[in-house]
A.B. asks: 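Right, I'll just put the structure down here and ask away after.
Throughout, residue positions are numbered sequentially from 1 according to the sequence presented.
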Amino acid sequence: MTDASLLHDLVAMSANRFGLAAALTYGDKTLDYNALHADVEGFACGMMSLGVARGERVAIYLDKRLETVIASFGAAASGAVFVPVNPLLKPEQVGYILRDCNVRVLVTSPERLALLTDTLTDCQDLRQIVVTGSLAPASALPVLAWDDCLGSPARAGHRVIDTDMAAILYTSGSTGRPKGVMLSHRNMVAGAKSVSSYLENHAGDTLLAALPLSFDAGFSQLTTAFHAGARCVLLNYLMPRDVLNAVVKEQVTGLTAVPPLWIQLAQLDWPATVTSHLRYIANTGGRMPLDTLSRLRQHLPQTQPFLMYGLTEAFRATYLPPDEVDRRPDSIGKAIPNAEVLVLRDDGTECAPHEPGELVQRGALVGLGYWNDPEKTAERYKPLPAGLGARPQGLVLPEMAVYSGDTVRRDEEGFLYFVGRRDEMMKTSGYRVSPTEVEEVIYATRLVGEVAAFGAPHPRLGDAIVLVVTPEPGGAVDLDALKIECKARFPAYMVPAHIEVRPGPLPRNPNGKIDRKLISADFHDLFENAR
């Protein structure tokens, strides 16, 4: 084998190349690539012993730990589909996911299994539970101890090709019930190769997996590390300081996070020694505020910043090289290697420079749609019209592209700029306003710790702009000063109609992003009597 085409090949190939090199660390335990590969194969044999059929779903409801990774890659190696369930989800939400994609095997801990007792009675397709540890607790369903699962007799897995489904990643569900995004082996391997190429990952790297593994950017830390033969450190953190401590302790060379975490990390004091080993930082899951980027660069003068954008439906999408950050720090860059990104009008034609349009992605990273949801799949995954990209008129078979629902613009040099999500745009006084744009200005005042901007129904304005802000750690918000800054920095139609101060941090969704929709629910009737 000279190149990976299947997800589990990433581990097998690095075992062949780097055998005894450290692959995965959790707490005080580290597996080398040989040991990780053996455990992945052992779990795959366990799934075959349980009679898991090709394409059946194996759900993993655990925090970040060695077993979570082994089960994910082992399920894929058996020919099954793994479903990482965010450990922050409550039993009712877990039950919905298990029922929605007809999970056959659930991997969890004894403690989490005890919380799911009532929920699992409604999961009619569930046949088997695998629990971490060497002893299997009593349950209404058959339970297999982890050690026994890995000790199953050796047997070959099902035949797998790269277009087969490898995983179902459930979105956070901030706009209703979570949707299961189906990703193929090809999607995930192509993503690993592409990301590791521009981040220049190598076998000497140590990547910190701080984001949830149920989040595409979180799982990408594993695939990227394993493709390069690097070490990945798993971290379940409670406070931002835990992340910084792990970066120092583990001599991390690459750290990827979402804007809310970067905002908190930028407000900490970083040891001067960190920049000597932290080779890069990468942002994903939304635009990083310019003030946050500036603070981080002051802390880390030798560390390269990569500004990225991605959507679960296509795993990864764009990045801005570090040498462009000074010239265009508000850009999300250009398409990653082996992907193409288009900016299209509603009629399917390409936008002119600086004309806002929908970001559309084509290529090997475009996923397989939403599990068992043809209506929502048809909204996001559509045939790409001939004449766009490299599709000449003579091509007969359709090519599916993912229509992101995000509004962006492209400059004359081809660099992209995020405007906002179409379903989050505010229409106030006849103007369309991006909440991200408002938040960017508020962060630049350096008067707040965190901010969420959103629209509340208003009988005269349409949407009235509302801000919920928190103080910086150990400080307070000077509300009068903030209002003065808003009037000075915004045109009249963008000046917030209401500002509320709350203690931090603001609520997050399960992927660690500030949950605007949850926060805005408290303000739906705020202007009901306004005239």
Side-chain angles (χ1 to χ4, degrees), residues 2-7 9 55 159-167 179 181-198 216 308-320 331-419 422:
T2 58
D3 193 21
S5 57
L6 306 175
L7 181 66
D9 289 347
R159 179 175 178 80
V160 182
I161 63 173
D162 68 351
T163 53
D164 287 347
M165 180 166 48
K179 304 183 292 291
V181 178
M182 299 180 289
L183 297 174
S184 68
H185 287 262
R186 177 184 293 177
N187 296 151
M188 303 184 86
V189 172
K193 293 177 179 178
S194 181
V195 173
S196 64
S197 69
Y198 66 77
D216 59 299
M308 305 192 300
Y309 161 92
L311 53 156
T312 306
E313 291 82 355
F315 208 52
R316 301 282 85 206
T318 73
Y319 83 102
L320 183 72
S331 172
I332 59 173
K334 297 182 179 181
I336 65 173
N338 199 26
E340 184 170 13
V341 170
L342 307 168
V343 183
L344 303 184
R345 303 184 182 98
D346 290 341
D347 63 4
T349 57
E350 290 199 73
C351 292
H354 299 291
E355 178 186 358
E358 185 173 10
L359 185 147
V360 176
Q361 183 173 344
R362 62 182 293 258
L365 283 87
V366 173
L368 303 177
Y370 299 117
W371 172 263
N372 200 29
D373 197 334
E375 182 176 338
K376 287 188 173 65
T377 297
E379 292 175 2
R380 282 283 176 264
Y381 296 86
K382 304 174 186 178
L384 191 69
L388 291 177
R391 283 192 62 78
Q393 297 289 343
L395 286 173
V396 176
L397 294 178
E399 175 191 341
M400 302 304 292
V402 61
Y403 286 65
S404 68
D406 290 346
T407 299
V408 300
R409 61 180 178 84
R410 190 195 306 267
D411 66 19
E412 292 87 351
E413 297 180 63
F415 287 91
L416 296 158
Y417 300 80
F418 182 80
V419 177
R422 291 190 170 192

A.B. asks: Where do Leu342 and Leu388 land on the side-chain contact (heavy atoms from CB on, under 4.5 Å) test, with the steps shown first?
C.D. replies: CA-CA 8 Å; Leu342 307 168; Leu388 291 177; 4.1 Å; yes
A.B. asks: Is a side-chain N or O of Tyr381 found less than 3.5 angstrom from the main chain of Glu313, in a donor-acceptor match?
C.D. replies: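 Checking the backbone N and O of Glu313 against the side chain of Tyr381, a donor-acceptor pair under 3.5 Å is found.
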A.B. asks: Could you tell me if the side chain of Leu183 sits less than 4.5 Å from the side chain of Leu368, heavy atoms only?
C.D. replies: no
A.B. asks: Which pair of non-hydrogen atoms, one from Ala167 and one from Met188, has the smallest distance, and what is that distance?
C.D. replies: CB-SD, 4.0 Å
A.B. asks: Main chain of Thr163, side chain of His185: is a donor-acceptor contact present, judged purely on distance under 3.5 Å?
C.D. replies: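 Answer holds: no.
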A.B. asks: In terms of side-chain geometry, is the basic nitrogen of Arg186 or Asp164 positioned less than 4.0 Å from the acidic oxygen of its partner?
C.D. replies: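 No, no charged N to carboxylate O under 4.0 Å.
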A.B. asks: Contact between Tyr198 and Met308 at the side-chain level, heavy atoms closer than 4.5 Å - yes or no?
C.D. replies: yes
A.B. asks: Give a yes or no on whether a salt bridge exists between Arg345 and Glu355, defined as a side-chain N under 4.0 angstrom from a carboxylate O.
C.D. replies: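 Yes, Arg345 and Glu355 are salt-bridged.
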A.B. asks: On a heavy-atom basis, which atom in Ala190 and which in Ala364 lie closest, and how many Å separate them?
C.D. replies: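 Result for this residue pair: CB-CB, 4.1 Å.
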A.B. asks: Quick one: are Phe415 and Lys334 in side-chain contact, heavy atoms under 4.5 Å?
C.D. replies: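 Answer yes - side chains close enough.
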A.B. asks: Testing the basics here: between Val408 and Ile332, what is the closest heavy-atom pair and its distance to 0.1 Å?
C.D. replies: CG1-CD1, 4.4 Å
A.B. asks: To the closest 0.5 Å, what do you measure between NZ (Lys382) and CZ (Arg380)?
C.D. replies: 8.0 Å
A.B. asks: Mind checking the CG-CE spacing from Asn187 to Met165? Nearest 0.5 Å is all I need.
C.D. replies: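 So the gap between those two atoms works out to 11.5 Å.
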A.B. asks: Decide whether a cation-pi geometry holds between Arg409 and Tyr417; the criteria are a distance under 6.0 Å from NZ or CZ to the six-membered ring centre and an angle within 45° of the ring axis.
C.D. replies: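 Because its charged atom sits under 6.0 Å from the ring centre and within 45° of the axis, Arg409 does stack over Tyr417.
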A.B. asks: For residues Leu384 and Ala401, report the shortest heavy-atom separation together with the two atoms involved.
C.D. replies: CD1-CB, 4.0 Å
A.B. asks: Quick check: does any side chain N or O of Ser331 sit under 3.5 Å from a backbone N or O of Leu416, one acting as donor and the other as acceptor?
C.D. replies: yes
A.B. asks: Do you know the tightest heavy-atom contact between Pro383 and Pro398?
C.D. replies: CB-CB, 4.2 Å
A.B. asks: Write out all pairs satisfying salt bridge (Lys or Arg N to Asp or Glu O under 4.0 Å) with one or both partners inside residues 398-407, taking only residues at least two apart or from two chains.
C.D. replies: Arg362-Glu399, Arg391-Glu399, Asp406-Arg421
A.B. asks: Under 4.5 Å between any side-chain heavy atoms of Glu350 and Leu344, yes or no?
C.D. replies: yes
A.B. asks: Distance-only, no hydrogens or angles: does the Ser196 side chain make a donor-acceptor pair with backbone N or O of Ala192 under 3.5 Å?
C.D. replies: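 Yes, because the side chain of Ser196 sits within donor-acceptor range (under 3.5 Å) of the backbone of Ala192.
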A.B. asks: Return the CE to OG1 distance between Met400 and Thr377, rounded to the nearest 0.5 Å.
C.D. replies: 9.0 Å
A.B. asks: Quick one: pull up OH in Tyr309 and CG in Leu359 and give me the separation to the nearest 0.5 Å.
C.D. replies: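 Between Tyr309 OH and Leu359 CG, I get 4.5 Å after rounding to 0.5 Å.
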A.B. asks: Would you call Asp346 and Arg422 a salt bridge, using N to O less than 4.0 angstrom?
C.D. replies: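 Yes, charged N to carboxylate O under 4.0 Å.
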A.B. asks: Mind listing the closest non-hydrogen atom pair of Gln361 and Leu365 along with its distance?
C.D. replies: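 Looking at all heavy atoms of both residues, the closest pair is NE2-CB, 4.0 Å.
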A.B. asks: Under 3.5 Å, is there a donor-acceptor pair between the side chain of Thr407 and the main chain of Pro356?
C.D. replies: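 Checking the backbone N and O of Pro356 against the side chain of Thr407, no donor-acceptor pair under 3.5 Å is found.
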A.B. asks: Within the distance-only criterion (no hydrogens, no angle test), does the side chain of Asp411 pair as donor or acceptor with the backbone N or O of Pro353 below 3.5 angstrom?
C.D. replies: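 Side chain of Asp411 to backbone of Pro353, a donor-acceptor pair under 3.5 Å: no, none is there.
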A.B. asks: Could you check whether any side-chain heavy atom of Lys193 comes within less than 4.5 Å of a side-chain heavy atom of Asp3, counting everything from C-beta outward?
C.D. replies: yes
A.B. asks: Is it the case that the side chain of Ser404 and the backbone of Val360 share a donor-acceptor pair, with hydrogens and angles ignored and the cut-off at 3.5 Å?
C.D. replies: no
A.B. asks: Quick one: does Asp216's side chain get under 4.5 Å of Arg316's, heavy atoms only?
C.D. replies: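 Of all side-chain heavy-atom pairs linking Arg316 with Asp216, at least one is under 4.5 Å.
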A.B. asks: Calculate, to the nearest 0.5 Å, the distance between atoms CD1 and OG belonging to Ile336 and Ser194 respectively.
C.D. replies: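 That separation rounds to 3.5 Å.
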A.B. asks: Does NZ or CZ of Lys179 lie under 6.0 Å from the centre of the six-membered ring of Tyr370, at an angle within 45° of the ring axis?
C.D. replies: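 Because its charged atom sits under 6.0 Å from the ring centre and within 45° of the axis, Lys179 does stack over Tyr370.
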A.B. asks: Hey, could you give me the CG/CG distance between Leu6 and Asp162, rounded to the nearest 0.5 Å?
C.D. replies: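 Result: 6.5 Å between the selected atoms.
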